[in-house]
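A short write-up of the structure that comes next.
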2 protein chains.
Amino acid sequence: MLKEISLPSPHDCSDCPIRHRAVCARCDADELEHLDKIKYYRSFEAGQTVVWSGDPMDFVGSVVSGIATLTQTMEDGRTQMVGLLLPSDFVGRPGRDGSAYDVVATTDLVMCCFRKKPFEKMMLETPHIAQRLLEMTLDELDAAREWMLVLGRKTAREKIASLLSIIARRDATLHLRPAQGKVVFDLPLTREAMADYLGLTLETVSRQISALKRDGVIQLEGKRHVTVPDLDRLMDEAGDDSDGGVFA
Amino acid sequence: MLKEISLPSPHDCSDCPIRHRAVCARCDADELEHLDKIKYYRSFEAGQTVVWSGDPMDFVGSVVSGIATLTQTMEDGRTQMVGLLLPSDFVGRPGRDGSAYDVVATTDLVMCCFRKKPFEKMMLETPHIAQRLLEMTLDELDAAREWMLVLGRKTAREKIASLLSIIARRDATLHLRPAQGKVVFDLPLTREAMADYLGLTLETVSRQISALKRDGVIQLEGKRHVTVPDLDRLMDEAGDDSDGGVFA
DNA sequence: CGCCACATTGACCGAGATCAACAACTGTGG
DNA sequence: CCACAGTTGTTGATCTCGGTCAATGTGGCG
């Protein structure tokens, strides 16, 4: 079944929900106008593949709404998620033809795309864009390294707790609620996607979620709706260095 | 015992061995002269810690020679290496006060350091530096994501083979030898460091290296000197997508 | 209703961790 | 020169966490 996805009418950057966080965050009015000329919107429905690994990619862009994943797959089918793309995150690599990863929409997704060639040209002329992209890339590198610790050294229970606390914290900041005490959110990932993120099997994910529920660390309503009564407790289970947030 | 480390006399960038690969790769003569004013060299001996995680860092810089590691440690002592720094690699994050990781010299090490504040100022004024740093950061992000697949989904044997083939290929390109057929190199890491890199115990590392030796995939002379009779065979064992190098 | 995708739970197994002994090498001091 | 201690690496015995295989549950939609 193909849902009819309404292409969002091109709207002004000034009321863009990711205006202040995306790659264009530092651009002034002139620069936005320039960007406007090379941008277009694309929508994807949940489950659709945005780009296949190895395929040429003639655009780069930002996630406006929804969630996408970056995954790598070995010949025998083992797959590892290597990135979780949330609104304002950047997709694609300037200066490279193809995607190194599969990019898949896990929810309905809207992207603000820039034609690659003009974007690359603009990057050379517009320090504001290159600077912001560098900052975002450094943040992603930090996140990737944090994840390497999760993958390499944490137990299954700690891995699940780590993922939940990341989602909980992101959700809290997104909705401008305090990232402590009680947090409520919906899981944006299937058990299988969580397993691919964590280097586990989906059965282990299921078991550990059940265990955390049994132990009162989380409450579940249905399969996706999660209540965390005490975020500190959850972060404790994640084995994270107590002082949650690294540096500003 | 403290070895006497001779501080290398400040030398001209023009005969710097990493001139064409480091963060200064795209700089012209003027820019190099400017960099020269804020740079200084530091030497470390094998085993010394360059920066502790969380400590303030008043410089950024490039590895000139030797090898350093980036590691994260949990309270209970579990550690995960999150970066392997080879000559020309960049250390430190502009715009951040402290290091998020421990940086440790695993061999004798020489670094070309830039005072942070002036470097940050220069980055804003010198697109060549910001551009090159962006490129290098994107490369590191790709490497980190490649490593996430290794950590999350590969077997112990595949992990060892992956690490060996990475070192072999780097060594081959460094010495401008073809990255195929027979390759010979010295392991720059202890078994424990390899374990920390791969999310294994040092015993498992030792066992798998012995197994690869038994199976003729590698030959060992002493504990560190490795001969790879057939790099393709090794890469096969690593389970890597056959077409070794992703994109250019 | 029955189908299908997603999730849970159980029984069993094996790769890798853990605990422990030992070997090889290096530098130290008598 | 040898005895030694310290570091690094190897190998063996055993245990355990998480993977594998399989049955069962659940909720949405035709």
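The sequence lines fix the lettering, A, B, ..., with proteins before strands; numbering per chain opens at 1.
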Task: Nucleic acid contacts of residues 194-205 of chain A, taken as heavy-atom distances under 4.0 Å to DNA chain D - done: A:Gly199, A:Leu200, A:Thr201, A:Glu203, A:Thr204
- [ ] Mind calculating the distance between CD (A:Glu158) and C1' (D:dG18) to the nearest angstrom?
- [x] 14 Å
- [ ] Would you mind reporting whether A:Met111 and A:Val50 have side-chain heavy atoms less than 4.5 Å apart?
- [x] yes
- [ ] List in chain and number order the residues that pass salt bridge (Lys or Arg N to Asp or Glu O under 4.0 Å) with B:Asp186, two or more places apart in sequence or in another chain; answer none if no residue qualifies.
- [x] none
Task: Atom-to-atom span, NZ of B:Lys159 to C1' of C:dA15 - whole angstrom - done: 11 Å
TODO: Classify the angle between the aromatic ring planes of B:Trp147 and B:Tyr197 as parallel (below 30°), tilted (30 to 60°) or perpendicular (above 60°).
DONE: tilted
Please write out each protein N/O paired with an N/O of nucleotides 13-17 of chain D under 3.5 Å, distance rounded to 0.1 Å.
from   : atom 1 : to       : atom 2 : distance (Å)
D:dA13 : N6     : B:Arg207 : NH2    : 3.4

Task: Partner set under side-chain contact (heavy atoms from CB on, under 4.5 Å) for A:Ile167, not counting sequence neighbours - done: A:Leu163, A:Arg170, A:Phe185, A:Leu187, A:Pro188
- [ ] Flag the pair B:Thr73 / B:Asp102 as yes when at least one side-chain heavy-atom distance between them is below 4.5 Å, and no otherwise.
- [x] yes
- [ ] Mind checking the CE-SG spacing from B:Met57 to B:Cys113? Nearest 0.5 Å is all I need.
- [x] 8.0 Å
TODO: Not counting sequence neighbours, which residues clear salt bridge (Lys or Arg N to Asp or Glu O under 4.0 Å) with B:Asp142? List them please.
DONE: A:Arg93, A:Arg96
Task: A:Leu85 and A:Thr69, any side-chain heavy atoms less than 4.5 Å apart - done: no
Open item on the list: So which atom in A:Gly199 and which in A:Leu151 form the shortest heavy-atom distance, rounded to 0.1 Å?
Closed with: N-CD2, 3.9 Å
Open item on the list: Applying side-chain contact (heavy atoms from CB on, under 4.5 Å), can you list everything that pairs with A:Gln72, at least two apart in sequence or on another chain?
Closed with: A:Val82, A:Tyr101, B:Glu146, B:Leu149
Task: Rounded interatomic separation in angstrom, taking CG from B:Asp76 and P from C:dT18 - done: 10 Å
TODO: Calculate the interatomic distance between B:Leu151 atom CG and C:dG16 atom C1'; express it in whole Å.
DONE: 15 Å
TODO: Indicate yes or no for a side-chain donor-acceptor contact from B:Asp215 to the backbone of B:Val217 under 3.5 Å, with no hydrogens or angles considered.
DONE: no
Task: Partners passing side-chain contact (heavy atoms from CB on, under 4.5 Å) against B:Thr227 (at least two apart in sequence or in another chain) - done: B:Lys182, B:Val184, B:Gln219
- [ ] Would you please enumerate the stems DNA chain C participates in, each stem being three or more consecutive Watson-Crick or G-U wobble pairs with both distances under 3.5 Å?
- [x] C:1-30 with D:1-30
TODO: Could you list all the salt bridge (Lys or Arg N to Asp or Glu O under 4.0 Å) pairs where at least one residue sits in residues 196-208 of chain B, not counting sequence neighbours?
DONE: A:Arg153-B:Asp196
- [ ] For DNA chain C, determine which residues of residues 211-228 of chain A have any heavy atom closer than 4.0 angstrom to one of its atoms, and list them numerically.
- [x] A:Lys223, A:Arg224
- [ ] Show your reasoning for whether salt bridge (Lys or Arg N to Asp or Glu O under 4.0 Å) applies to A:Lys154 and A:Asp240.
- [x] CA-CA 10 Å; A:Lys154 291 196 178 177; A:Asp240 279 333; 2.8 Å; yes
Open item on the list: Tell me which residues in residues 186-193 of chain A lie within less than 4.0 Å of DNA chain C, going by non-hydrogen atoms.
Closed with: A:Thr190, A:Arg191
Open item on the list: Under the rule for salt bridge (Lys or Arg N to Asp or Glu O under 4.0 Å), what residues qualify as partners of A:Arg224, not counting sequence neighbours?
Closed with: none
